[in-house]
Amino acid sequence: MSLIIITQGKDVSSWVKALKEKRPDLALSVYPDVPDAAAVEGAIVWNHPLGVFKEFPNLKWISSMGAGVDHVLKDPELPEAAVITRITDENLTNDMATFTLALVLNHLRGLSFYKVLEHQQTWKRKRYQRIEETTVGVMGTGVLGAAVARLLKQTGFNVNGWARTPKDLDGVKVYVGEKELSDFLSRTDVLVCLLPLTKETRNILNKRTLEQLPQEAFVINVARGEHLVEEDLIEMLDKGHLSGASLDVFRQEPLPQDHIFWKHPKINITPHIASVTDPNTAVNQVLDNYDRLQNMEQLLNVVSLTKGY
């Protein structure tokens, strides 16, 4: 059995190094350099060329390089026999939680606002909002969303969650489904999107949902760019309904230089760095599943094709 790494435009040398250090005898190749396509039974992927899996007739397992799997599931020619898994790494989870907390605190204390004034050499103060006065609503309470909600709660924020199915989070009220979405939004000062990208959640941050947030609410998207309807966000910002947004993910990445987001005074941009998979820890999970596949055991972190995560 051999493994193959398949990506587009991504340096995978750190993955190769980490895998080989852990398992020197591992039969590993990097696409498109494939000595024997028939021997490939497992693929580690990120934004693979669509349709590429047809080249591997004995492929049994596809592992995403990260927590997200929408880049895998969008392939219309997924092999029916292949199990799809994702990475759930403690470092990945902690990084997302601390980054999101930093964005919320940055908004409350107006640090980006003062950075602009600094360049203008302008001395001006603005009122800030305290932690205990602020309710953060976390859309998506899976592994990452739950970790974000817990850290925000521990910091002193009022925290609510919204999920597709009921979830039990200590000290956090979780609203469930479409029927409770309006109530959730109306009680949210800072909205954090951490939903998986599915056909139900695509474009969920639109004019209809954003209008249900309180006046001067703030939006943070650290999930996927396709969750956000960009022109609707601009409209809500320009009319003053929203006070601002911090965006780490975009429909097109890198964000085009002529995109309106770059120069909008109420938008903070980061280049999809909220939580980056560390190969040195992630490969342990990959190799565990590799061994499980060889031993015909249940794989870890299997993705549901019906749910999309």
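Because the structure is predicted, anything quoted here is derived from the model rather than measured.
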Notebook entry, point to check: Just wondering, do Asn158 and Glu133 contact through their side chains at under 4.5 Å, heavy atoms?
Noted result: no
Margin query: Under a 3.5 Å threshold, yes or no: a donor from one side chain and an acceptor from the other, between Asn106 and Ser112?
Written below: yes
Checklist line | Distance-only polar pair, side chains of Asn268 and Ser246, donor-acceptor under 3.5 Å | finding: yes
Margin query: Quick check on Lys20: does its NZ atom have over 12 non-hydrogen neighbours (other residues, nucleotides or ligands) under 6.0 Å away?
Written below: yes
Check: Are any of the side-chain heavy atoms of Ser182 and Gln212 separated by less than 4.5 Å?
Finding: yes
Notebook entry, point to check: In this structure, which one of Tyr128, Phe218, Phe157 forms a ring-ring contact (aromatic ring centres under 6.0 Å, His included) with His107?
Noted result: Phe218
Could you list the donor-acceptor pairs under 3.5 angstrom formed between side-chain atoms of residues 39-51 and any protein atom two or more places apart in sequence or on another chain?
from, atom 1, to, atom 2, distance (Å)
Glu41, OE1, Lys60, NZ, 3.3
His48, NE2, Asp75, OD2, 2.8

Note to self: Under a 3.5 Å cutoff, is there a donor and acceptor pairing between the side chains of Thr85 and Asn301?
What the structure shows: no
Next item on the list: Flag the pair Trp162 / Asp183 as yes when at least one side-chain heavy-atom distance between them is below 4.5 Å, and no otherwise.
Entry: no
Check: Given a cutoff of under 4.5 Å between side-chain heavy atoms of I, L, V, M, F, W and Y, with clusters grown through shared members, what are the other residues clustered with Val143?
Finding: none
Check: Quick one: does Lys167's side chain get under 4.5 Å of Val176's, heavy atoms only?
Finding: no
Notebook entry, point to check: Are any side-chain N or O atoms of Thr122 and backbone N or O atoms of Gln120, one a donor and one an acceptor, separated by less than 3.5 Å?
Noted result: yes
Checklist line | Side-chain donor-acceptor pair present, Asn203, Glu226, cut-off under 3.5 Å | finding: no
Next item on the list: Compare all side-chain heavy atoms of Thr98 with those of Leu151 and state whether any distance is below 4.5 angstrom.
Entry: yes
Next item on the list: Please step through side chain to side chain contact (heavy atoms under 4.5 Å, CB included) for the pair Phe250 and His259, ending with a clear verdict.
Entry: CA-CA 11 Å; Phe250 307 90; His259 199 287; over 6 Å; no
